[in-house]
Structure formats: structure tokens, C-alpha cells
Amino acid sequence: MAVSQEMLAELRSEGEDLDLSWLDAPAAERGLRIAPGKRGLTLEEISTGTYGDIPMQSRNQSGRMRGAAPRGDAQQTQQMWPFRSSSWSQSAMLLYEEAVQRQWSSATDVPWAELPDLPEDLEYAMSQLCTFLTQVEFIAGDVPGQYAPNVSGEFFEVGLFLASQIMDEARHLDVFRKRALVNGIGLLQAGPGAVNLLTAQDFTEMASTLHLVGEGFVQSLFRMGEMFAQTEVDKRMFRLAAQDESRHVAFGVMHMKYVMETEPERRDEIHCYLDRMEGLLGAGSAQAGLTGGGETTEALAILLGGGSTEAQINEGYMKLMAIRKRQVNEYMHRLDVVGLGDRRQKMHPMMQMLLDPSKN
Amino acid sequence: MAENDAPAAPAEAPQRPQIPGVIAPPAPDLKWMNAATERPPRVRELGPEGFTLAMADYGSYGLAPDIWPYENDTPRGAVPARDRGLPAPYTIYDKLDVWAESCAELYEAAIREQWKPATEISWSGIEPLAEHVEASLDQIYSNISEQAYNSNAVLLGWLQYISYGFHEVKLYLATQSFDHARHVEAFRKRALANGGGLGVQSPGFFNRTVFASFKFTEFVIYNNIIRTTFLLGLCEFGQEKLARSQADRQLFENTANDLRRHLVYGVEHLRYYGLQAGEQKRRNIRTWLDRGEVMLAADLKRDKPFREAVILASGDTVAAGKEALKDLRQRQFKRYIGALEAAAYRGREAHMVPTLKEMIETP
């Protein structure tokens with residue numbers, strides 16, 4: 001809907017030097033009147049008309065946002081991915097809005113004042129676990145961050161979701177650091193870390209390695225926080241972190257599903273990324289081992305067994321196997337959802353042994 | 001030998017879990033329990049703002065070194081692993097390249113002050129406006145949304161270069177990028193909510209300049225000093241002169257509040273850089289300011305739709321709108337010069353590039 005000619009004439013008579021061509025013949029769709037729905041005014045609701053036309057391919061390298069009117073003199077960058085499939089996830093809008101609504105504060109939403117004193121071995125174990133977690137959590141922010149400059153304004157929802165994930169990862173680094181420091185123990189032994197995740201050279205590779213595998217395994221661990229968390233404070237911390245991780249995993253799963261549906265020829269390539277993550281190449285990341293290094297494993301065994309006697313640690317290891325089994329089976333479920341069910345036959349043998357029988 | 005003298009059967013050793021091929025854990029080592037790290041005091045009482053990062057980072061945990069020594073993701077205060085694995089792609093190890101004293105406080109403040117565009121803006125209360133006013137507002141909102149997306153994309157790309165030891169900085173920057181994301185969506189929503197749509201894209205000179213920052217401090221000067229002061233000036237002006245509804249006022253007010261935090265980071269970082277950098281590096285500041293001002297002026301000069309939109313949206317007559325545009329530029333200029341002075345970078349007014357001066361004086 002353009003401004004009426006009468007109004008334009010009146011404005012031009014007032015200001016002869018005004019151009020007003022942008023009002024006279026707007027190149028972007030106008031006339032939208034979008035009311036908020038039950039969840040407020042969300043990205044999904046404004047993704048309508050031409051603003052909801054998410055292109056399969058775009059030559060927009062200028063920073064123009066989807067739906068905005070282009071300028072003839074717009075300069076190009078050659079930095080942005082032209083293909084929707086390069087980064088798109090059908091759930092990006094929904095998950096971004098959910099992330100905004102479900103932000104929490106590590107300073108005030110975890111009832112730190114209620115943290116009881118625990119036996120020293122359990123306190124040490126929790127600090128060691130949290131040293132591992134604070135070490136790896138912001139790697140999960142650095143990794144998606146490196147791709148944000150490549151996400152064009154045509155697919156801006158992906159860029160917004162990545163910002164929400166990085167916000168979440170910041171809070172995770174922060175909350176686990178606080179947990180290690182609150183109880184009088186402090187940080188302990190760092191492990192080899194998760195820098196390998198930063199080697200991803202492609203967004204889909206990142207979604208495979210970070211979301212489908214790395215974050216997925218952490219999500220399963222957090223969701224089983226009830227088993228190893230010794231206090232209500234710790235349980236709350238892991239529950240809050242798990243709900244964030246669920247969004248990240250969902251984003252990655254939906255991206256992978258989209259890629260598998262639109263670019264099925266990438267199947268073998270994606271298996272290569274998973275081979276690496278599972279440890280099938282014999283080096284690099286080894287999700288086939290227990291989550292984290294030896295220190296973290298011992299810490300988890302102590303927490304799960306309720307103490308550091310040999311019998312307790314052995315009991316802890318047995319419970320850790322249950323967690324491990326769940327991690328692997330939930331991973332397999334994600335693979336089924338994205339259309340990579342054939343991974344069952346290709347999976348690292350040490351992980352395969354933990355798989356439940358296929359339902360098919 | 002009496003029956004009760006028989007030697008006791010050896011105590012049965014606890015069975016170690018053995019799951020062939022999957023897990024056969026070694027005997028517990030537990031050396032990590034003796035990690036030579038600082039034992040902070042047990043926290044018994046929390047502050048009025050809860051258990052903040054500044055409170056948690058007690059003693060040596062709170063000391064960010066001038067040069068961070070580890071190339072991987074070792075958290076500050078932990079014992080580094082003997083096998084540190086692959087060195088990360090971090091390139092920023094010098095504190096002076098990223099530091100601002102109040103990062104930890106800004107991080108917590110950003111979380112406390114987060115707002116939710118979908119549900120905390122009075123979208124339903126926006127009344128229909130004259131078409132040219134709505135279109136003008138939408139042009140301005142499109143511009144803010146586009147700038148915020150550029151800031152978000154470029155800032156997120158920098159995180160991979162900042163080493164892990166400066167965690168306060170990384171955490172704060174995560175909040176800033178999340179602020180930018182919310183600005184992108186909030187202003188886009190407003191442009192689409194009331195009978196309008198998006199306007200014309202910006203000329204993009206400044207966007208490209210932000211993209212092309214070679215150094216992080218350069219990025220901060222472009223994004224957190226130049227862009228933020230001009231956007232903050234616009235939001236403060238907008239609250240008074242542009243807003244037609246409660247939703248408009250909320251958008252400008254909330255955004256301005258976020259931008260003030262971004263500006264604090266920018267000012268503190270620039271001050272720290274100016275104080276800590278040697279003469280050679282300090283000279284970079286002028287080069288970056290010159291470049292940023294030139295590119296900003298190019299945008300201001302060529303962005304006719306934005307300029308005309310401000311005129312049409314802020315005055316009852318075109319003449320009044322032109323006066324309002326001058327007022328906007330003066331506010332932005334004062335914000336900009338004020339920020340530089342707060343960063344202990346004085347005298348810029350006399351050295352501002354002529355093209356920007358021209359756009360301020362005769363917009």
C-alpha cells in the first residue's frame with residue numbers, strides 16, 4: 001500500500017528538495033497488519049506474505065534483510081551462503097522465541113543459599129564435574145558463532161537462533177563455574193577439552209558434530225542429573241541447563257532433517273563427520289569413550305555411587321553405564337529422526353553394543 | 001586346630017564392573033582431588049543480586065592476566081591438562097585487546113534486564129497512523145533492525161578468536177549479541193505490525209566497515225562506540241519525537257537501555273586500550289575513528305529514505321521535521337563525543353572527519 005498521491009503532492013509542496021520516491025513506489029510489501037497471538041507477536045506470525053518467502057537460493061550478499069526493498073547501489077560481500085539448505089532449520093523461529101521466553105539467571109534462579117554441605121569427596125566430585133562442564137560449554141558458543149557472519153539476512157532467523165544458543169552457552173559456562181566455586185573447593189583438573197569441535201568447516205558438519213552428537217550427549221547427561229545431583233540445588237541447575245540443550249539439539253536435528261530431505265546425496269559425507277565424532281578414525285573426539293576424560297568419569301562415578309569407597313565407585317560406574325546407554329540410544333533416536341537410521345550399522349562398535357534392538 | 005582357629009577366608013574384593021569392549025574402568029586414580037588450585041571460601045551469604053560472577057570469581061579466579069597463556073579451553077583457575085589437545089583458533093591472548101573492567105557486572109546486568117519482544121511490548125495498543133507516518137516509522141525501524149543484524153553477525157564471528165581466559169568478556173559479548181538479536185526481531189515486528197512493511201535497505205557502507213574490522217578493538221570502536229552512540233541518540237530522540245504508541249516508546253526505551261550497556265563496554269574497553277597500549281598501537285585509535293566516521297558519513301549522506309523518514313515522522317510540517325533531523329544529529333554527535341571523552345580520548349571534536357561534520361551540521 002503506497003502513500004496516496006495527494007499526500008505526496010502535499011509533502012513535496014512543503015519540501016521541494018524531498019525525493020520521496022521510496023514512499024511513492026515502495027519496493028517492499030506493505031499493508032500488513034499482524035496482531036499478536038497466544039504467544040505474543042512471534043517470528044512465526046510475522047513470517048507472512050512475501051516476508052515469509054524463504055528463498056531456496058539467494059544472491060543477496062548485501063546485508064539486506066529478507067523482504068526489505070533493495071538499493072541499486074548495494075555493495076556485495078561474497079561472505080554469505082546463498083543456499084537455504086546451508087543453514088536452515090525449520091524450527092529456528094519457534095526455538096528462538098522459546099529461548100527468549102525461557103531465559104534464566106544463574107545468579108538468582110538457582111537457590112544457592114540452600115546448598116547444603118556435602119561430604120568432602122562428593123563436593124570434590126561435583127567441582128571436578130563442573131570444571132569439565134565449564135571448560136566445554138563455551139566451545140559450544142564459539143563453534144556456532146564462527147558461522148554467524150555467513151548467514152544472510154534472507155535467513156536471519158538462523159542468525160537469531162545462534163545468538164540465543166550462544167547466550168545459553170554463556171550461562172552454562174557461568175553456572176557450572178559458580179557451582180565449582182560456591183562450595184569451597186574451586187575449579188580442579190581441566191581435561192583435553194572440546195576444541196576439536198571448532199574444526200568444523202561447514203554448517204552441516206557443525207550440526208552433525210556439535211548438535212547431533214556433542215550437545216545431544218550432554219543433554220542426555222543433564223536430563224539424568226537426578227541420578228548424580230546430590231542436592232535440590234544441583235538438580236535445578238541441571239534441569240535448567242537441560243531445557244536449553246534441548247533447544248540446541250532440536251535446532252540441529254531439524255537442520256539435519258532438512259538437509260537429508262533436500263540434499264540426500266550428502267548422506268555419506270555426513271557419515272564421515274559422525275565417524276570422526278564417534279572415534280572411528282582412531283583420533284580426535286571419542287564419544288565412544290565415556291563423556292569427558294578420566295577425571296570426569298571418576299567424578300561422575302563418585303557422585304552416582306554416593307561416595308569414594310571402591311564399592312561406591314564401582315556402583316557408580318554401573319550407573320554410569322545406564323547413563324551411557326541412554327546417551328547412545330537417544331543419539332540413535334535423533335539419527336532415526338533426521339533420516340540417518342542406517343547409522344545403526346555403521347556406528348562405532350563400542351557404542352553399538354549399548355544400542356537397544358531396533359524397533360523396525 | 002580348633003574350628004574357630006581356621007584362617008579366615010580372604011575378604012572378597014569388590015567386583016570391578018566389566019563390560020567387555022565397552023568399559024573396564026581402571027582402578028580409581030583420584031589425583032584430581034589434589035589439584036593445586038585455590039580453595040575459595042564457602043559462600044554462605046548472597047548479595048542483593050544473587051550469586052554473581054564477580055562474587056564467584058574470588059581471589060585468583062578473578063584475576064585476568066595481561067597475557068593468557070593457554071591455547072585451548074582451560075578455564076581460568078583450573079589446573080591445565082597435561083595433554084592439552086588441539087590448540088584452538090584463538091588469536092587474542094592480550095588483555096588489552098578485549099578488556100573492560102566491568103564485564104562481569106555488565107554480564108549480570110544484561111541478564112537481569114533482558115526483555116521479551118514477543119510478549120512485553122504493547123503490540124495490541126498500536127493505533128493506525130497516517131500512511132506516510134507509518135511508512136516513515138517503518139523505514140527507521142527497518143534501518144535499526146538491519147544494523148542490529150549486522151552487529152550480531154559480526155560480533156558472533158569474533159568469539160572464536162577470544163581466548164578462554166577472558167571468560168567475563170566472552171560472557172558479556174554473548175549477552176550483547178543476544179541484545180542485538182532481540183533488536184533485529186523487535187523492530188522488524190513493529191515494521192510489520194501496523195499496516196506497513198519494511199523499508200529500503202541502508203547504503204551499507206558502515207555495515208561493510210564493521211564486517212571488515214581486522215582487529216577486535218577496531219570492531220568495538222565501530223560497533224560499540226560509533227554505531228552505538230548514533231543508535232542511542234536515535235532511540236532517545238525516538239522516545240520523544242518519533243514514538244506514536246506505547247509500543248514505540250517501549251521499543252526505544254528498552255533498546256536504549258541495552259545500548260547503554262554496550263556503550264559502557266565500548267567506553268571502558270577503549271579507555272583500557274588507550275591506557276595500556278603503547279604509542280604505536282594507540283595511534284590506531286585515530287585511524288579507526290577516521291575510517292568509521294568516513295563510512296558513517298557516507299551512509300548518512302546517501303540514505304535519503306532514512307533522512308526523509310525522520311523528517312516526515314518527527315514533525316507536523318516538513319520544516320519542523322527538518323529541524324528535528326538537525327536535533328537528532330546534534331544529539332548523536334554529543335553522544336559520540338561524550339563517549340570518546342569518557343574513554344579518555346579527548347579533542348575529537350576538532351579532528352572529526354569533515355564529511356561527518358558536514359552531515360551533523362547540515363543533515
Side-chain angles (χ1 to χ4, degrees), chain A residues 3 7 14-15 19 22 28-30 32-34 36 40-42 46 63-65 67-69 71 75 100 103 105 107-108 112-113 124 128 131 134-135 139 142 145-146 148-149 160 163 166-167 170 178 181-182 184 186-193 195 295 310-311 313-314 317-318 350 353, chain B residues 14 17 22 25 28 32-33 35 37-40 42-43 46 50-52 56 72-75 77-81 83 85-86 88 108 111 114 116 118-119 123 131-132 135 142 146 152-153 156-157 159-160 171 174 177-178 181 189 192-193 195-198 200-201 204 207 304-305 308 318:
Chain A
V3 173
M7 176 55 73
E14 275 190 56
D19 172 63
W22 58 279
E29 182 182 0
R30 297 196 59 77
L32 299 175
R33 195 177 295 281
I34 305 168
L41 188 59
T42 63
I46 64 163
R64 179 171 59 83
M65 302 300 285
R71 293 176 64 101
Q75 302 156 76
V100 172
Q103 289 296 299
S105 163
T108 54
W112 300 109
Y124 268 89
Q128 180 56 47
T131 300
T134 200
Q135 175 169 8
I139 290 292
D142 290 335
Q146 67 185 328
L160 303 193
I166 290 160
M167 180 67 244
K178 285 175 177 172
L181 290 164
V182 74
L187 296 175
L188 296 173
Q189 176 68 55
V195 169
E295 308 85 23
E310 194 169 357
I313 290 177
N314 284 342
Y317 273 124
M318 295 310 291
M350 289 169 83
M353 293 180 74
Chain B
V22 179
W32 48 271
M33 284 198 176
T37 56
E38 182 174 352
R39 300 283 160 266
R42 170 78 161 86
V43 175
L46 303 180
F51 187 35
T52 61
N72 71 344
D73 45 4
T74 299
V79 173
D83 171 15
L86 191 66
E108 298 283 4
I111 290 175
Q114 274 170 3
K116 302 172 170 52
T119 52
W123 300 113
E131 282 172 22
H132 70 287
S142 302
E146 180 192 301
N152 180 55
L156 289 182
L159 293 174
Q160 64 177 314
L171 297 185
S177 85
F178 193 47
K189 286 171 176 173
L192 301 182
L198 294 183
V200 185
Q201 72 176 124
N207 285 346
K304 202 178 284 180
E308 293 186 351
V318 170

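Note that this is a predicted model, so its numbers are computed, not measured. Just the heavy atoms: all of them, side chains too, but no hydrogens, waters or symmetry mates, feed the values below. Order of the sequence lines sets the chain letters (A, B, ...), proteins ahead of strands, with each chain counted from 1.
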Participant: Can you tell which part of B:Gln114 gets under 4.5 Å to a heavy atom of chain A, answering side chain, backbone, both or neither?
Facilitator: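 Only the side chain of B:Gln114 comes within 4.5 Å of chain A.
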Participant: What residue, out of B:Pro75, B:Ala35, B:Gly50, has the most heavy-atom pairs lying under 4.5 Å from chain A?
Facilitator: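 Top count of heavy-atom pairs under 4.5 Å with chain A: B:Pro75.
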Participant: Just jot down the salt bridge (charged side-chain N to carboxylate O under 4.0 Å, His left out) partners of B:Arg42, sequence neighbours excluded, or say none.
Facilitator: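 Per chain and number, B:Arg42 pairs via salt bridge (charged side-chain N to carboxylate O under 4.0 Å, His left out) with A:Asp117.
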Participant: Is A:Arg71 paired with B:Glu146 through a side-chain N to carboxylate O contact shorter than 4.0 Å?
Facilitator: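 Looking at A:Arg71 together with B:Glu146, the answer is no, because their closest N to O distance does not fall below 4.0 Å.
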Participant: Taking B:Gly85, B:Gly77, B:Ala135 one by one, which has the highest count of heavy-atom pairs under 4.5 Å against chain A?
Facilitator: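 Looking at each of B:Gly85, B:Gly77, B:Ala135 in turn, B:Ala135 comes out on top.
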Participant: Mind ranking A:Gly67, A:Pro149, A:Gly15, A:Ser105 by heavy-atom pairs under 4.5 Å with chain B and telling me who comes out on top?
Facilitator: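 Maximum pair count with chain B is reached by A:Pro149.
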Participant: Report yes or no: does A:Gln189 contribute a side-chain atom to a donor-acceptor pair with the main-chain N or O of B:Val79 at less than 3.5 Å?
Facilitator: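 Judged by distance alone, yes, a pair lies under 3.5 Å.
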Participant: For B:Pro80, which atoms come within 4.5 Å of any heavy atom of chain A: side chain, backbone, both, or neither?
Facilitator: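 Only the backbone of B:Pro80 comes within 4.5 Å of chain A.
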Participant: Taking side chain as everything from C-beta outward and backbone as N, CA, C, O, which of these in A:Met167 sits under 4.5 Å from a heavy atom of chain B? Side chain, backbone, both or neither.
Facilitator: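 Contact with chain B: backbone and side chain both.
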Participant: Please check: side-chain N/O of B:Thr119 versus main-chain N/O of A:Gly40, any donor-acceptor pairing under 3.5 Å?
Facilitator: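 Side chain of B:Thr119 to backbone of A:Gly40, a donor-acceptor pair under 3.5 Å: no, none is there.
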Participant: Go through the steps to decide whether B:Phe51 and A:Val182 satisfy the test side chain to side chain contact (heavy atoms under 4.5 Å, CB included), and finish with yes or no.
Facilitator: CA-CA 9 Å; B:Phe51 187 35; A:Val182 74; 3.6 Å; yes
Participant: Measure B:Glu308 against the heavy atoms of chain A and call it side chain, backbone, both or neither at under 4.5 Å.
Facilitator: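 B:Glu308 touches chain A through backbone and side-chain heavy atoms alike.
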Participant: Do side-chain atoms of A:Glu29 reach the backbone of B:Gly197 as a donor and acceptor pair under 3.5 angstrom?
Facilitator: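 Judged by distance alone, no pair lies under 3.5 Å.
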Participant: Top residue by heavy-atom pair count (under 4.5 Å) with chain A, among B:Ala78, B:Pro305, B:Ala181, B:Ser142?
Facilitator: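 Heavy-atom pairs under 4.5 Å are most numerous for B:Pro305.
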Participant: If you count heavy-atom pairs under 4.5 Å between each of B:Ala174, B:Ser177, B:Ala56, B:Gly196 and chain A, which one has the most?
Facilitator: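 Heavy-atom pairs under 4.5 Å are most numerous for B:Gly196.
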Participant: For chain A, which of B:Asn152, B:Val200, B:Asp73 has the most heavy-atom pairs under 4.5 Å?
Facilitator: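 Option with the top pair count is B:Asp73.
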Participant: Kindly give the heavy-atom pair with the smallest separation between B:Val43 and A:Leu181, and that separation in Å.
Facilitator: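 Closest approach of B:Val43 to A:Leu181, heavy atoms only: CG2-O, 4.5 Å.
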Participant: Check for a donor-acceptor pair, side chain of A:Glu295 on one end and backbone N or O of B:Trp32 on the other, with a separation under 3.5 Å.
Facilitator: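 Between the backbone of B:Trp32 and the side chain of A:Glu295 there is no qualifying donor-acceptor contact (under 3.5 Å).
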Participant: May I ask you to name which of B:Gly157, B:Pro40, B:Ala81 has the most heavy-atom pairs under 4.5 Å with chain A?
Facilitator: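 Greatest number of close heavy-atom pairs with chain A: B:Pro40.
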Participant: Which atoms of B:Leu86 come close to chain A, meaning under 4.5 Å heavy atom to heavy atom: side chain ones, backbone ones, both, or neither?
Facilitator: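 Both backbone and side chain of B:Leu86 come within 4.5 Å of chain A.
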Participant: List the residues meeting ring pair (Phe, Tyr, Trp, His ring centres under 6.0 Å) with B:Trp123, not counting sequence neighbours, and say none if there are none.
Facilitator: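 In terms of ring pair (Phe, Tyr, Trp, His ring centres under 6.0 Å), with neighbours along the sequence ignored, B:Trp123 is linked to no residue.
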Participant: Does any heavy atom of chain A fall under 4.5 Å from the side chain of B:Leu192, the backbone, both, or neither of them?
Facilitator: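 Both backbone and side chain of B:Leu192 come within 4.5 Å of chain A.
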Participant: Looking only at heavy atoms, which two atoms of B:Leu159 and A:Asp142 are closest? And how far apart?
Facilitator: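 Looks like O-OD1, 3.2 Å.
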